[in-house]
Amino acid sequence: MSLRIVVCVKYVPDATGDRKFADDLTVDRDDVDGLLSELDEYAVEQALQIAEEADDAEVTVLTVGPEDAKDALRKALSMGADKAVHVEDDDLHGSDVMATSLVLAKAIEKTGYDVVIAGMASTDGTMGVLPAILAERLGVPQVTLLSEVKIEDGKVTGRRDGDTASEQLEASLPAVVSVTDQSGEARYPSFKGIMAAKKKPVESLELDDLDIDADEVGLEGSWTKVDSAAERPARTAGTIVKDEGEGGKQLAEFLASQKFI
Ligand SMILES: Cc1cc2nc3c(=O)[nH]c(=O)nc-3n(C[C@H](O)[C@H](O)[C@H](O)COP(=O)(O)OP(=O)(O)OC[C@H]3O[C@@H](n4cnc5c(N)ncnc54)[C@H](O)[C@@H]3O)c2cc1C
């Protein structure tokens, strides 16, 4: 039977652009360009490599996000994924990680899977917790933050590199995996891949299709709430320390005053 790989990919605001909060204190995603979270390209790459090794495998890329999130799916399809699932619904607006993970879990169950692969963190939220919450929701093992991953004989094995040691991890399938930016360079989409992606299927799902009530997601269904937000103050001119014999001392005093030392 075909190995079913689902890759979670997030469409994120371009970090090089100005980002603002909307009136309801959610991130304003309408007025900024977005793209496939760079760290999720590593997840797509590992999924493609696993699929290439397997006799028979299918890679589905999945996103929860607004209309424009299709761009992230297209990029993953042009890298080589087989099909895509896009969960889009106005009621998702303001969903935090708990609500987002609920939607992803239901969509993954509906799609069918043997392994779910996620990135180590998104480049906007950067919480790095979604894969663990997802595994809990799906009731399957989690093997997270892998720099090397292999799937063989119904098991996922991999290496997690820490500051002082590397761990070798193993879990039986189905499982949730997350991979780091050390797992291997992500491929660039080829021209052929970009053309082929235009014809690959993209399934659109709404909350109703996943049996999720509107009050389980969105601002109302979220477990976290932003109470206030303020714009970062404009940069001020830096402090220049002139060394006239006392430079080192002045530098140390400055760092201490800023609580750096
Ligand atoms: C349109 C939109 C509006 C949102 N509004 C809010 C809001 O108002 N308040 C709020 O707290 N959160 C909001 N979120 C949710 C938030 O942006 C994250 O998706 C979620 O909280 C996960 O946190 P993270 O990005 O830190 O994920 P991490 O835990 O850092 O992500 C790890 C991995 O999980 C996967 N992943 C994460 N998010 C998604 C996704 N959406 N689709 C597919 N895979 C994913 C990726 O593989 C990623 O590499 C919104 C999301 C979207 C798309």
Side-chain angles (χ1 to χ4, degrees), residues 5-13 15 19-32 34-47 59-73 75-76 81 84-108 111 113 115-138 142-146 149 176-181 183 186 202 204-207 210 217-229:
I5 307 171
V6 177
V7 191
C8 294
V9 295
K10 187 177 182 189
Y11 177 75
V12 296
R19 286 181 285 172
K20 289 202 166 60
F21 286 104
D23 291 344
D24 61 2
L25 298 180
T26 60
V27 175
D28 179 1
R29 292 166 200 261
D30 291 336
D31 296 328
V32 285
L35 71 170
L36 167 63
S37 177
E38 214 177 65
L39 291 169
D40 292 348
E41 291 184 16
Y42 295 94
V44 176
E45 177 61 38
Q46 288 311 306
V59 178
T60 305
V61 285
L62 164 67
T63 198
V64 172
E67 166 70 22
D68 289 347
K70 283 202 172 56
D71 289 353
L73 295 175
K75 168 112 192 244
V85 176
H86 182 192
V87 187
E88 186 197 358
D89 196 302
D90 288 346
D91 288 326
L92 283 169
H93 175 79
S95 299
D96 68 356
V97 69
M98 295 307 291
T100 303
S101 61
L102 172 72
V103 179
L104 284 170
K106 294 266 191 168
I108 288 165
T111 303
Y113 71 104
V115 62
V116 178
I117 306 185
M120 61 192 279
S122 66
T123 53
D124 64 338
T126 60
M127 286 197 282
V129 292
L130 190 131
I133 300 173
L134 197 54
E136 190 65 27
R137 286 200 183 277
L138 292 168
Q142 51 170 298
V143 194
T144 53
L145 300 175
L146 299 184
V149 54
V176 173
V177 169
S178 74
V179 298
T180 71
D181 55 355
S183 56
V202 179
S204 290
L205 298 175
E206 295 181 350
L207 290 177
L210 299 172
V217 295
L219 287 168
E220 203 183 317
S222 287
W223 293 23
T224 56
K225 183 171 178 285
V226 179
D227 280 331
S228 67

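Here, residue 1 is the first one in the sequence, and each next residue gets the next number. Start at 1 and go down the list; that is how both ligands and their atoms are numbered.
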Asks: Using a 4.0 Å cut-off to any heavy atom of Gly94, which atoms of ligand 1 qualify?
Replies: 5 (N), 6 (C), 7 (C), 8 (O), 9 (N)

Asks: Does Thr126 have a non-hydrogen atom less than 4.0 Å from ligand 1?
Replies: yes

Asks: Find all atoms of ligand 1 within a distance of less than 4.0 Å from any non-hydrogen atom belonging to Val129, and give their numbers and elements.
Replies: 29 (O)

Asks: Using a strict cut-off of less than 4.0 Å between a Lys/Arg side-chain nitrogen and an Asp/Glu carboxylate oxygen, indicate whether Lys10 and Asp124 qualify as a salt bridge.
Replies: yes

Asks: Which ligand 1 atoms are under 4.0 Å away from a heavy-atom of Ala118?
Replies: 47 (O)

Asks: How does Leu130 reach ligand 1, if at all, at less than 4.0 Å between non-hydrogen atoms: by side chain, backbone, both, or neither?
Replies: both

Asks: For the pair Ser183 (side chain) and Val179 (backbone), establish whether a donor and an acceptor sit closer than 3.5 Å, ignoring hydrogens and angles.
Replies: no

Asks: Can you list the atoms of ligand 1 that are under 4.0 Å from a heavy atom of Thr100?
Replies: 15 (C), 19 (O), 20 (C), 41 (N)

Asks: Under 4.0 Å from a heavy atom of Gly65: which atoms of ligand 1 are those, numbered in the order shown and with their elements?
Replies: 53 (C)

Asks: May I ask you to list the atoms of ligand 1 that are less than 4.0 angstrom from any heavy atom of Leu62?
Replies: 43 (C)

Asks: Have a look at ligand 1 and work out which part of Leu104, if any, has a heavy atom under 4.0 Å from it: side chain, backbone, both or neither.
Replies: side chain

Asks: With heavy atoms only and a cut-off of under 4.0 Å, state how Val97 meets ligand 1: side chain, backbone, both or neither.
Replies: both

Asks: Should the pair Lys70-Asp68 be classified as a salt bridge under the 4.0 Å nitrogen-to-oxygen rule?
Replies: no

Asks: Which bit of Ser178 gets closer than 4.0 Å to ligand 1, counting heavy atoms only: side chain, backbone, both or neither?
Replies: neither

Asks: Quick check against the 3.5 Å criterion: does Thr63 have a side-chain atom that pairs as donor or acceptor with the backbone of His86?
Replies: no

Asks: Compute the minimum heavy-atom distance from Ser95 to ligand 1 and say whether it is under 4.0 Å.
Replies: yes

Asks: Which residue holds the protein heavy atom closest to atom 51 (C) of ligand 1, what is that atom called, and what is the gap in Å?
Replies: Arg29 NH2, 3.7 Å

Asks: Look at ligand 1 and say whether Ala43 reaches it with a heavy atom at a distance under 4.0 Å.
Replies: no

Asks: Which atoms of ligand 1 sit under 4.0 Å from any heavy atom of Pro131?
Replies: 32 (C)

Asks: In terms of atom number and element, which parts of ligand 1 are under 4.0 angstrom from non-hydrogen atoms of Gly125?
Replies: 25 (O), 26 (O)

